[in-house]
Amino acid sequence: MGPAFVPAIGRPEPERDRITEGEVETELQRFGKAIEVVTSNLSETGDKLRASGSEEEAGIFEFHVEMAEDPELVSAVEERIRKLESPEAAVLAAGEEYAAEFAQMDDEYMAARADDVRDVTGQISAELMGHGASGFETLETPSVVLARSLTPSDTARIPKGMALGFVTAEGSRTSHVSIMARSMGIPAVVGVGPELDRALDARTVAVDGGEGYAIADPDADTVAEFERMSAALAEERAALDEYRHVEASTSDGRRIEVAANLGSASEAEDALEWGAEGVGLFRTEFLFMERDDLPSEDEQYEAYSAVARKFGEKPVIVRTLDVGGDKDLPGVDQAHEENPFLGWRGIRMSLDTPELFKPQLRAILRAAVHGHLEVMFPMVADVGELKAAKAVLWESRRELEAEGVEIGEVATGVMIETPAAAVCAAELAKESAFFSIGTNDLVQYTLAADRGNERLRRLQSADHPAVLALIRQTCEAATAAGIPVGVCGEAAGEPEMIPMLIELGVTELSMGAPSIPRAKKVVLEL
Ligand code: PEP
Ligand code: MG
């Protein structure tokens with residue numbers, strides 16, 4: 001529960017449109033000063049993120065600093081000021097022109113940069129009007145964030161401890177905002193649709209992320225009720241603490257490994273504190289997104305090594321790049337697709353772009369020297385893809401050996417997240433050291449229900465007979481082949497799903513780290 005924070009979405013309104021001839025010089029100076037303030041705030045946030053190990057998020061802010069200082073943009077604004085436009089109006093107008101140029105670009109990544117331009121020019125305009133920047137990074141009071149949608153970069157900008165909850169109009173429980181919120185331990189209510197508009201003027205918002213509802217301006221009784229629930233939750237959390245570092249087995253002796261899903265290397269430390277016995281899914285795409293170039297092999301090697309070192313003997317499953325779908329990638333020409341979730345994503349893109357795939361595999365092989373790394377391929381639909389991916393891994397290994405570079409052993413596994421992979425599980429098992437079921441995508445592809453569409457909630461659960469049948473088939477194939485099978489989709493951390501998954505034969509559960517103690521408790525009580 002806390003004050004509502006609505007990030008400045010859309011354009012701020014300039015307070016003045018025109019200035020007089022006599023004001024030009026002072027306004028030019030004020031404009032210069034506003035850029036300085038905004039860039040210094042942005043750099044400071046970037047530095048803080050870098051210091052806390054969030055390299056990729058820090059990159060976003062460096063990019064925004066460059067944009068704020070862009071000479072072309074600056075001179076366009078100055079010219080407008082000389083023509084007697086107020087600086088706050090001038091920077092918005094010039095920003096809009098600049099953004100429109102980006103928006104027209106064929107490259108989807110570049111087109112998406114239009115929003116960055118608007119974001120930056122909006123901040124300069126707000127600064128000129130004395131409001132200070134109005135983005136997430138300015139949040140100084142712990143608040144409930146209300147927004148149409150939240151991207152990983154939005155959430156990364158919120159200073160630590162300042163988000164008490166998220167309420168978004170779009171999204172579902174397996175969309176990226178939910179995954180981020182879960183791994184940050186922040187209650188979220190997503191997919192509220194147009195209802196959000198009614199809450200935008202609220203002073204206070206109460207969020208129940210467990211039940212999935214939020215109340216704008218709660219009355220005294222509701223406040224008291226939320227305080228009671230919140231105290232009970234804190235107590236429950238404290239009681240769960242004792243489960244953090246235990247090993248979980250069912251009463252009939254089935255040992256279930258409980259691991260963490262990581263969205264970036266910086267989450268590794270926390271995950272261990274929550275009791276992760278390994279990493280069941282290291283999503284590497286966050287290294288590639290939200291920046292305007294590709295991470296080098298060495299940069300990737302550093303990130304993978306950092307996690308490998310932190311986890312030591314504990315296994316860390318690195319998933320190769322899974323962009324496409326709803327995630328963009330700079331530096332790769334991703335043509336517009338009518339159905340991106342059915343498009344060029346995951347292993348399909350990797351196999352078509354060895355210049356992207358190989359450096360990643362080389363980095364993983366090199367980093368494997370520092371710990372226990374395994375590699376996993378996303379979006380596999382048939383055994384041919386798996387064999388092709390393994391061939392590139394093999395080639396990368398040979399190259400490194402020829403170069404005399406030290407490398408480690410990595411087992412290779414497959415994500416079972418297309419119905420095709422589940423149906424072909426017996427074939428895939430012959431070529432895999434392990435399976436990991438990605439229920440988020442398996443559900444969306446099996447039930448033909450977009451995982452981010454808030455209207456399809458009924459069809460967004462792994463608890464559907466068709467999905468369960470595919471999970472069963474996968475587990476049977478794995479058991480017959482003698483390979484382990486885990487679940488790394490959001491279902492793995494849902495207490496009501498865990499008994500069913502174990503019953504079907506799953507032996508590893510991987511989830512947003514804060515869910516680990518509760519999952520271990522559920523297993524121990526089975
Ligand atoms: C999944 O699809 O279940 C999964 C874990 O992968 P992602 O959520 O990254 O698509
Ligand atoms: Mg997936």
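Ligands are counted one by one from 1 in listed order, and the atoms in each one are counted from 1 as well. Since the model is a prediction, treat every value here as computed from it, not as a measurement.
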A.B. asks: Charged N to carboxylate O below 4.0 Å: is that the case for Lys430 and Glu427?
C.D. replies: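 Salt bridge between Lys430 and Glu427, a charged N being under 4.0 Å from a carboxylate O: yes.
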A.B. asks: Taking just the N, O or S atoms of Glu417, which one is nearest to the Mg ion (ligand 2)?
C.D. replies: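 Within Glu417, restricted to N, O or S, the Mg ion (ligand 2) is closest to atom OE1.
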A.B. asks: In Asp441, what N, O or S atom is nearest to the Mg ion (ligand 2), if we give its atom name?
C.D. replies: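 It is OD2, the N, O or S atom of Asp441 closest to the Mg ion (ligand 2).
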A.B. asks: Is it the side chain (CB and beyond), the backbone, both or neither of Asn440 that lies under 4.0 Å from ligand 1, heavy atoms counted?
C.D. replies: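 Within the 4.0 Å criterion, Asn440 contacts ligand 1 through backbone and side-chain atoms alike.
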A.B. asks: Ser178 and Glu490: side-chain donor and acceptor closer than 3.5 Å?
C.D. replies: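 There is no such pair (donor and acceptor under 3.5 Å, judged by atom type) between the side chains of Ser178 and Glu490.
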A.B. asks: State plainly whether the residues Lys358 and Glu395 are in salt-bridge range, i.e. N to O under 4.0 Å.
C.D. replies: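 Here Lys358 pairs with Glu395 in a salt bridge, since their nearest N and O are under 4.0 Å apart.
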A.B. asks: State whether the shortest distance between N or O atoms of Leu442 and N or O atoms of ligand 1 falls below 3.5 angstrom.
C.D. replies: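 No, there is no polar N/O contact under 3.5 Å.
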A.B. asks: Could you give the distance from CZ (Arg362) to CD (Glu399), rounded to the nearest 0.5 Å?
C.D. replies: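 The distance works out to 5.0 Å.
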A.B. asks: For ligand 1, which atoms have a heavy atom of Gly489 less than 4.0 angstrom away?
C.D. replies: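 Atoms satisfying the 4.0 Å criterion: 3 (O), 5 (C).
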A.B. asks: Below a 4.0 angstrom heavy-atom separation, can you tell me which part of Glu490, side chain or backbone, both or neither, approaches ligand 1?
C.D. replies: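 The answer is neither.
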A.B. asks: With side-chain contact (heavy atoms from CB on, under 4.5 Å) as the test, pick out the partner of Met379 among Val414, Asp322, Thr320.
C.D. replies: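 When side-chain contact (heavy atoms from CB on, under 4.5 Å) is applied between Met379 and each of Val414, Asp322, Thr320, only Asp322 qualifies.
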A.B. asks: Under a 4.0 Å heavy-atom limit, does Ile437 contact ligand 1 with its side chain, its backbone, both, or neither?
C.D. replies: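 No part of Ile437 comes within reach of ligand 1.
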A.B. asks: Does any N/O atom on Asp441 come nearer than 3.5 Å to any N/O atom on ligand 1?
C.D. replies: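 Looking only at distances, the answer is yes, because the N/O contact criterion of under 3.5 Å is met.
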A.B. asks: Decide whether Ser296 and Asp298 meet the rule of one side-chain donor and one side-chain acceptor closer than 3.5 Å.
C.D. replies: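 Side-chain D/A pair, Ser296 to Asp298: absent.
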A.B. asks: Taking heavy atoms and a distance under 4.0 Å, where does Arg451 meet ligand 1: side chain, backbone, both or neither?
C.D. replies: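 Contact part for Arg451 vs ligand 1: side chain (C-beta onward).
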